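Take a look at the structure below.
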Amino acid sequence: MLLLLQKVFESRGDKRSAVKEKSLLVKAKIIDTEKIRKDCFKIGLEAPYVAKRAIPGQFVHVRTGNYTDPLLRRPLSIHRIHAHSIDILFNVVGKGTEILSEKRKGDTLDIIGPLGNGFKFFKSTTYKIIVAGGMGVAPLVGLAEALSRTLKGSKKGFTVIMGAKTKEHILCENEFKRLGADLHIVTEDGSRGQKAMATDLLFDIIRKKRYNLDKICFYAAGPMAMVRSLCRLAEGCSIESQVSLEERMGCGLGACLGCAIDTQSGYKRVCKDGPVFNMCEVLCE
Amino acid sequence: MKPKLNVEIGRLKLKNPVMVASGTFGYGLEFENVAGIGALGAVVTKTITLHRRVGNKPPRIAETPSGMLNSIGLENPGVDIFVNEKLKDLSKFKVPIVVSIAGDTVEEYGQLAGALEGINSIDALEINISCPNLHSGLLFAQEAGTTARVVEAVRSNTKKTVITKLSPNVTDITPIARAAEEAGSDAISLINTLMAMTVDIKEKVSTLGSVTGGLSGPAIMPIALYMIWRTARTVKIPIIGMGGIMGWEDAVAFMMCGASAVSIGTANFVNPSTAEEVIEGMAAYLRRHGIKDINALVGTLRT
Ligand SMILES: Cc1cc2nc3c(=O)[nH]c(=O)nc-3n(C[C@H](O)[C@H](O)[C@H](O)COP(=O)(O)OP(=O)(O)OC[C@H]3O[C@@H](n4cnc5c(N)ncnc54)[C@H](O)[C@@H]3O)c2cc1C
Ligand SMILES: Cc1cc2nc3c(=O)[nH]c(=O)nc-3n(C[C@H](O)[C@H](O)[C@H](O)COP(=O)(O)O)c2cc1C
Ligand code: FES
């Protein structure tokens, strides 16, 4: 009898979790918070279903407070994907991110995710170069982890070019090193590496190593100025090159059409058609 | 005791008075993985036009204190793709469907109503007359005369329930509501967004690509309540109230002011479960207060 009851409960539990599993609306427990430097934070979220489904480049839509101001959710990239949890990494730039930075271990965070398309992988012979500008590094760490897994066993490596404002703004250096990436760092003030923009260094590397443009593939995220100059460069290169873009969001679900950006083929929704776009789609101007 | 939640809007019978507002729920399917669509009283779809519209220049959204601006610009694929693709997807949820329509001219409203008339899965039409009238720069909903002409054009082309959605950007809502009623509208829905803007002083530009936009969210709720209260004392047809509803308490306030049903808009972005929570919250409220039928709540504000 007891066994039977247990069975019934179990099957009920299963049903409930099946429903839960379908929903992208998740109350995620904060299992870890870390201040990386001034105004930059990392939060670990227990979210097994999000972790199970997520691919690098996707994002979560985060409700920062319980009141009506700030009202809208904040889109944040999935920084790293673990077995049962995900990490987000963010800069404090306004009200929403400030509230987020005050969250503590044990709090729950209301998130929707994973959302968006994420980066695509191609089983091709192109050489992969990751270009990260500023906070653009957030989704690219998860990407690098996935990339190094797919390259495992082959002798091929990949390059990471990271641009930051100053040496204090350099993020995730160790993560990339641990993955065995060929890492290059530049800063805007020259406090670490060359005083240059990430794209300047990229042009140098391509010239020096005599890379054939159509044999390389870029994965990029960062400020729009960086993205544009990269897209101009990428015009002649592999169509596999992809970039993660940002726009203000309402729903995050593809419904409100609030996150539209203009592309070569007209307006696209960053939350649904993106946030990752083919570089040849992006308008360089 | 289970309170009765059913309401009637024209010939439209709803299992509860909670809908989702046009433009905030897409064509339904987008919310499939975050909301229980089948539980809703009705889904009002994103406004469609005869032909495809690409929408306004980005950025199209800006947050404001307890509100948001939007300047989407009625981006939609046009009536044909709507009927052949979007409507088919939405139909599977077995929820009443209200289709929001807009045109640049009175004739276009009539044509759209005609084009949708034979389609059984559509339960009602909502006339969005808060979209820019290209001919005079005014909204159709800013004049009683144009409001009446649009409603007549739709009414003469459809037997479906007709809901007219009014704009709060007017000096006096009452003659316009009366015009819609007299022209044959079965119901009125209000409010649409309030024209508004915000400024980026660093760049000396508007925060929106199209400079001006529409304000929605909790910030506009007091205005919405006032407009509904005024309108309810003017017309006999039912009112669908919206504007900043975030929870069941807000919905109860709308009904007390005279709304027969409510619509959830911006809140869908903040908490996609809002509509379901409002339905449950209102049912619990009725139970606590011994009210057997939700219709008994409508217009009960003591003055
Ligand atoms: C797909 C995507 C992924 C992102 N990933 C990250 C990340 O991993 N780490 C990180 O630090 N930031 C990321 N951002 C940017 C992040 O969303 C903004 O920094 C954040 O929304 C700012 O909120 P706030 O309240 O602190 O700032 P406020 O300036 O007060 O925000 C006001 C409004 O503008 C919006 N907004 C402001 N800046 C941006 C922006 N750059 N992009 C989109 N909306 C913005 C806010 O969401 C809010 O609606 C991402 C943006 C997108 C679109
Ligand atoms: C992003 C967005 C898009 C909207 N699009 C439409 C639309 O296409 N047609 C329409 O009649 N109303 C549209 N509205 C207005 C809403 O339906 C609603 O009337 C208004 O937002 C007030 O309700 P709320 O404060 O609950 O959002 C839109 C509102 C928002 C926020
Ligand atoms: S944020 Fe609503 S469509 Fe992208």
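Below, read A as the first sequence line, B as the second, and so on, with proteins coming before strands; counting in each chain starts at 1. Worth saying up front: this structure is predicted, and the values here are computed from it rather than measured.
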task: Against chain A, label B/N70 side chain, backbone, both or neither, depending on which of its atoms sit under 4.5 Å from a heavy atom there.
output: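 Answer is neither: B/N70 stays 4.5 Å or more from chain A.
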Heavy-atom contact with chain A under 4.5 Å, split by part of B/T45: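 Contact with chain A involves no heavy atom of B/T45 at all.
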Heavy atoms, side chains only, cut-off 4.5 Å: are [X] and [Y] in contact?
X	Y	answer
A/F218	A/V243	no
B/T207	A/R248	yes
B/M255	B/M282	yes
A/C251	B/F25	no

query: In terms of heavy-atom pairs under 4.5 Å, which option from B/E32, B/E30, B/E63 contacts chain A the most?
result: B/E63
Most chain B-contacting option - heavy-atom pairs closer than 4.5 Å, from [options]:
options	answer
A/E247, A/K95, A/M249	A/E247
A/I261, A/V26, A/D262, A/D69	A/D69
A/G266, A/P70, A/C259, A/G252	A/P70

field: Inter-chain contacts: residues 264-271 of chain B against chain A, heavy atoms under 4.5 Å
entry: B/T266, B/F269, B/V270, B/N271
In residues 97-118 of chain A, what donor-acceptor pairs under 3.5 Å come from side-chain atoms, sequence neighbours left out?
residue : atom : partner : partner atom : Å
A/T97   : OG1  : A/V93   : N            : 2.9
A/T97   : OG1  : A/G94   : N            : 3.2
A/T97   : OG1  : A/G94   : O            : 3.3
A/S101  : OG   : A/E98   : O            : 2.6
A/K103  : NZ   : A/T64   : O            : 2.9
A/D107  : OD2  : A/R104  : N            : 2.8
A/D110  : OD1  : A/R73   : NH1          : 3.2
A/D110  : OD1  : A/R73   : NH2          : 3.0
A/D110  : OD2  : A/R73   : NH2          : 3.4
A/N117  : OD1  : A/V276  : N            : 3.1
A/N117  : ND2  : A/D273  : O            : 2.9
A/N117  : ND2  : A/V276  : O            : 2.8

message: Can you tell whether the side chains of B/R60 and B/E75 come within less than 4.0 Å, N to carboxylate O?
response: yes
More than 12 heavy atoms from other groups under 6.0 Å of [atom1] on [X]:
X	atom1	value
B/Y285	OH	yes
B/K92	NZ	yes
B/K15	NZ	yes

